[in-house]
Amino acid sequence: MNMKRDNPRFRFAPSPTGALHIGGARTALYNWLAARHAAAGTLVLRIEDTDRERSTAENVDQILDAMEWLGLTYDEGPISQAGRADRHAAALAQLLASGAAYRDAATAKDVEAWKKEHGAGRGYRGTPTEEPGAAIRLRVPDEGETVVEDLIHGPVAFPNASYDDFVIARADGSVLYNFAVAVDDAEMGITDVVRGDDHLSNTPKQLLVLKALGHEPPRYAHLPLLHGPDGKKLSKRHGAASVQELRDAGYLPAAVRNYLALLGWGTDDDTTLMSTEELIRRFDVADVGKSAAIFDEKKLRWLNGRFMREMPLDEYTVAVARHLGREPDESLREACAIAQDKAQTLEEVWPLIRFLYEPPVADEKAWGKVMKEGSGEMLAAAAEALGAVEPYAPEAIEGALAPLLDRFDVKPGRLYQPLRVAITGTSVSPGIFESLAALGRERTLERVRDAARRAP
Ligand code: GLU
């Protein structure tokens, strides 16, 4: 049995130095999809918190919260890397004992001098010492190369001779990042490392550590970074940058999973609608492309709108309620029913249904644009028709208003836009007949009559 293929073990290893950003979320998602795709895959969550100054408990909470919102479950962890200091110390002791690592008292200046003497491009080789206060370096071979067999980039070779005998632990005994990662990946039985390709240059060092410790290396897949639509590295100026910001902007987790999954993987079309089950079924890290993928919030918004429209109404109402901090009661359900086709994000729902909960908003611009000479008279006639129509429901309302178009000899917009502004205050609302019906006869008449009095 091929253990690796049948029981692959993935890990997501964020550094809690800030919120979970979109790039990190994609890395988490790819690991999750790969782990769930496998028959018996495991996802380990390792918090790389060895930078004690920048790692905070709030950041850890934000990362966990973001993963939960995204629905990215893990099977083991969260494991604190800092909490594994004794394991790191044991691995260091092993390397010192075998001679694969040695203490070296050289300062940065000494290393510089050594390099001057030995020529540029040559990796530093130190002088072993028994001095207890010295840093610990890994012995790097002078010959051969260290090859990263990357699933996405193919083999990437790094000549050993150009690598310094690099420091794996400081004089105070604290270990360095690449050492801790290699030890943890090995001891956690990680078979597949999927991470951003900003880490590709770290990988040969980690491979050298693994080899020195006698561990078989995992498979690696380094994901091309995300860029904004302007081709620059993704950052805040491209819109929502963290998972929390995506949530606040009213995106649905399923749509975010869909869109992030397609950033660099799958189809040429990054707006293909795919359920999470389908993503899991089809996902393969080996299919990820080599070039940077573009995160375009406009496309996410469009995709989100598709998910919103296709949601069952009850589920939709619950999502809107949660976003607005309201109860998913019957009145909200009715409001959602008429807004569902119009909103691309949860955030866009409230402006569409606010008129059902609050008086019309005062939007001078909208008013001035639609209230033309004769609007007052038409609105008065509309109020009369709406007062008499039975039942007070969308279809009958349409039937009662339509004859006014002939009577005043106007196009639909000349009647319905003023009506829309009359009941909502704005020129954007769900369908006009549904909106009039949802507002109820009494409130409608009150608003339309009021507008009729004020309109020219
Ligand atoms: N902690 C690293 C980061 O957040 C990831 C390291 C890894 O995946 O090996 O960028």
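Counting starts at 1 for both ligands and their atoms, following the listed order. Quantities reported herein were computed from a predicted structural model and do not represent experimental measurements.
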Next item on the list: Any chance you could measure D197, atom CG, to N202, atom CG, to the nearest 0.5 Å?
Entry: 11.5 Å
Check: When the ring centroid of W265 is compared with that of F283, is the distance short of 6.0 Å?
Finding: yes
Notebook entry, point to check: Within 45 degrees of the axis of the six-membered ring of Y30 and under 6.0 Å from its centre: does R26 put its NZ or CZ there?
Noted result: yes
Margin query: Do the side chains of R333 and D314 get close enough for a salt bridge, i.e. N-O under 4.0 angstrom?
Written below: yes
Notebook entry, point to check: Which atoms from ligand 1 have a heavy atom of E48 less than 4.0 Å away?
Noted result: 1 (N), 2 (C), 5 (C), 6 (C)
Next item on the list: Decide ring pair (Phe, Tyr, Trp, His ring centres under 6.0 Å) for Y259 and F295; before the verdict, give the C-alpha distance in whole Å, the side-chain angles of both, and the deciding distance to 0.1 Å.
Entry: CA-CA 9 Å; Y259 185 61; F295 175 84; 5.7 Å; yes
Next item on the list: Could you see which bit of P14 sits under 4.0 Å from ligand 1, with heavy atoms only: side chain, backbone, both or neither?
Entry: backbone
Next item on the list: State the atoms of ligand 1, each with its element, that fall below the 4.0 Å cut-off from a heavy-atom position in R195.
Entry: 7 (C), 8 (O), 9 (O)
Note to self: Considering both backbone and side-chain atoms of A13, is one of its nitrogen or oxygen atoms within less than 3.5 Å of a nitrogen or oxygen in ligand 1?
What the structure shows: yes
Next item on the list: Please report which non-hydrogen protein atom sits nearest to atom 10 (O) of ligand 1, along with the residue it belongs to and the distance in Å to one decimal place.
Entry: H199 NE2, 2.9 Å
Item checked: Salt-bridge contact R87-E187 (side-chain N to carboxylate O under 4.0 Å) -> yes
Margin query: List ligand 1 atoms under 4.0 Å from Y177, heavy atoms only on the residue side.
Written below: 1 (N), 2 (C), 5 (C), 6 (C), 7 (C), 9 (O)
Notebook entry, point to check: Hey, does R11 come in under 3.5 Å of ligand 1, counting only N/O atoms on both sides?
Noted result: yes
